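This report refers to the structure that appears directly beneath it.
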Amino acid sequence: ALRRVVDRVFYGAWYDDRAAAQQVSQTIAQAGGDVVEIGSALCLVLLRVFQLESITLLLASGHFIAASPGTSAPRRHEWEASRAAALLDTVASKTGATIGRGAELPARLPLSPDERQQLLGQRAQLWLLLGPRERTQGLLLLGSRRGGGELTARDLQILEVVVRQAGVALENEYLLSEVRQYSAQLRRLHRQIVQAREEERKRVARNLHDNTIQSLVGLNYRVAHVRRQVSVEAAAQLAMLQEEVRAILGEVRG
């Protein structure tokens with residue numbers, strides 16, 4: 001209560017708008033690694049800046065993040081990715097908006113009791129969609145402010161700016177993740193191609209050794225046997241024929 005009084009004297013409100021938005025933006029920019037790290041950093045900084053009782057975030061990838069006061073790290077769970085994506089699409093299509101009151105969601109989302117409790121909690125005051133409506137990256141749900149305060153219109157303006165930035169960061173990270181997946185897939189396909197090529201070389205080599213080369217060797221022996229039984233003139237021709245067979249053998253082995 002004392003801090004609120006002091007903040008109101010200095011800033012005319014309980015916090016400095018510009019400093020709050022800047023703090024959230026810097027936190028999002030510094031969070032790296034993957035979408036889960038960005039989402040976790042976003043939840044923690046919003047929880048602290050807006051003095052919230054709780055905050056939850058469901059990402060399109062199926063990662064579920066929840067944070068509350070007094071926790072140094074948010075809780076993380078895994079949802080089925082297709083289930084999470086379907087819920088986000090439902091919110092975007094049925095509400096036609098990117099922000100709304102938490103009381104709207106239970107009636108609009110086909111949630112089981114456990115999912116409703118996990119996602120909405122006891123007092124989900126506000127929900128926001130991250131990213132463009134055609135490619136929603138996450139659903140952010142804000143609990144009530146500590147002490148029973150309500151989020152004001154100015155809070156919503158700051159949140160809209162922050163959510164746009166977070167949506168862009170998540171979108172970029174999703175795109176980078178897709179690029180990394182495609183790169184890994186290309187490397188895997190390249191290894192498969194190289195392996196298949198080597199196996200094909202070995203197969204061809206075995207076939208040449210077991211069939212063609214052995215047949216030529218056998219032909220050379222038969223020519224040598226016939227050569228001992230014919231005239232000198234015919235033997236000379238057969239010797240030339242043997243040289244040709246040996247040359248072909250060398251080429252096939254090569």
Side-chain angles (χ1 to χ4, degrees), residues 30-41 57-65 76-90 92-93 110 112 115 130-139 166-254:
Q30 292 171 359
D34 55 22
V35 294
V36 179
E37 294 301 324
I38 294 175
S40 299
L57 173 62
L58 177 62
L59 295 171
S61 59
H63 294 92
F64 177 80
I65 303 167
R76 299 176 181 178
H77 305 283
E78 290 283 345
W79 284 37
E80 187 178 350
S82 58
R83 173 65 170 161
L87 286 176
L88 297 183
D89 291 341
T90 301
S93 61
S112 67
E115 290 175 336
L130 304 180
R133 289 185 57 193
E134 62 276 6
R135 189 181 172 91
T136 304
Q137 306 299 338
L139 174 63
V168 171
L170 289 171
E171 175 75 11
N172 291 339
E173 190 58 38
Y174 272 117
L175 293 175
L176 288 174
S177 177
E178 288 181 354
V179 170
R180 287 192 288 266
Q181 290 177 2
Y182 290 144
S183 298
Q185 184 178 7
L186 287 175
R187 288 193 296 269
R188 185 169 59 255
L189 290 174
H190 181 262
R191 287 194 298 269
Q192 292 176 354
I193 290 173
V194 171
Q195 182 179 359
R197 184 173 59 190
E198 292 303 318
E199 291 176 354
E200 181 66 10
R201 285 178 176 177
K202 293 178 182 178
R203 187 189 65 81
V204 171
R206 286 194 300 270
N207 288 340
L208 288 175
H209 180 271
D210 296 341
N211 298 318
T212 307
I213 292 178
Q214 295 302 321
S215 298
L216 288 173
V217 170
L219 176 61
N220 189 44
Y221 283 139
R222 288 195 296 273
V223 171
H225 178 71
V226 174
R227 180 180 170 187
R228 290 190 293 269
Q229 302 175 1
V230 297
S231 63
V232 175
E233 182 180 352
Q237 294 179 353
L238 290 174
M240 295 176 58
L241 181 60
Q242 280 187 284
E243 289 297 326
E244 292 183 7
V245 171
R246 283 193 287 269
I248 295 173
L249 272 170
E251 293 177 358
V252 173
R253 287 196 177 100

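Every heavy atom of this structure was used, including side-chain atoms; hydrogens, water molecules and symmetry mates were not. Note that the coordinates shown come from a computational prediction; the quantities given were computed from them, not determined experimentally.
Across Ala81 and Ser61, no two heavy atoms sit closer than the pair CB-O, 3.5 Å. Nearest approach of Arg76 to Ser40, heavy atoms of both residues: NH2-OG, 3.0 Å. The nearest pair of heavy atoms linking Arg253 to Val217 is NH2-CG2, 4.3 Å. Between Gln242 and Val223 the shortest heavy-atom distance is CG-CG1, 3.4 Å. The two residues Ala84 and Leu58 have their closest heavy-atom pair at CB-CD1, 4.0 Å. Closest of all the heavy-atom pairs between Leu57 and Leu59 is CD2-CD2, 3.8 Å.
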Could you go step by step and tell me if Asn220 and Leu216 meet the side-chain contact (heavy atoms from CB on, under 4.5 Å) rule? CA-CA 6 Å; Asn220 189 44; Leu216 288 173; over 6 Å; no
Would you check, one step at a time, whether the test side-chain contact (heavy atoms from CB on, under 4.5 Å) holds for Val204 with Asn207? CA-CA 5 Å; Val204 171; Asn207 288 340; 5.6 Å; no
Please evaluate residues Leu249 and Ile213 with respect to the criterion side-chain contact (heavy atoms from CB on, under 4.5 Å), reporting the C-alpha separation (whole Å), side-chain torsions for both, the decisive distance (0.1 Å), and the verdict. CA-CA 6 Å; Leu249 272 170; Ile213 292 178; 3.7 Å; yes
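Salt-bridge formation is detected for the pair Glu200/Arg203: a Lys NZ or Arg NE/NH1/NH2 atom is positioned less than 4.0 Å from an Asp or Glu carboxylate oxygen.
Residue His209 places its NE2 atom among 12 or fewer non-hydrogen atoms of other residues, nucleotides or ligands, all under 6.0 Å distant.
One side chain, Ser82 or Glu80, offers a donor N or O that lies under 3.5 Å from an acceptor on the other.
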What side-chain donor-acceptor pairs closer than 3.5 Å can you find for residues 189-196, not counting sequence neighbours?
from	atom 1	to	atom 2	distance (Å)
Gln195	NE2	Glu199	OE2	3.4

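Residues forming a side-chain hydrogen bond (donor to acceptor under 3.5 Å, both in side chains) with Gln181 (at least two apart in sequence, or on another chain): none.
With rounding to the nearest 0.5 Å, the separation of CD in Glu243 from CD1 in Ile248 is 11.5 Å.
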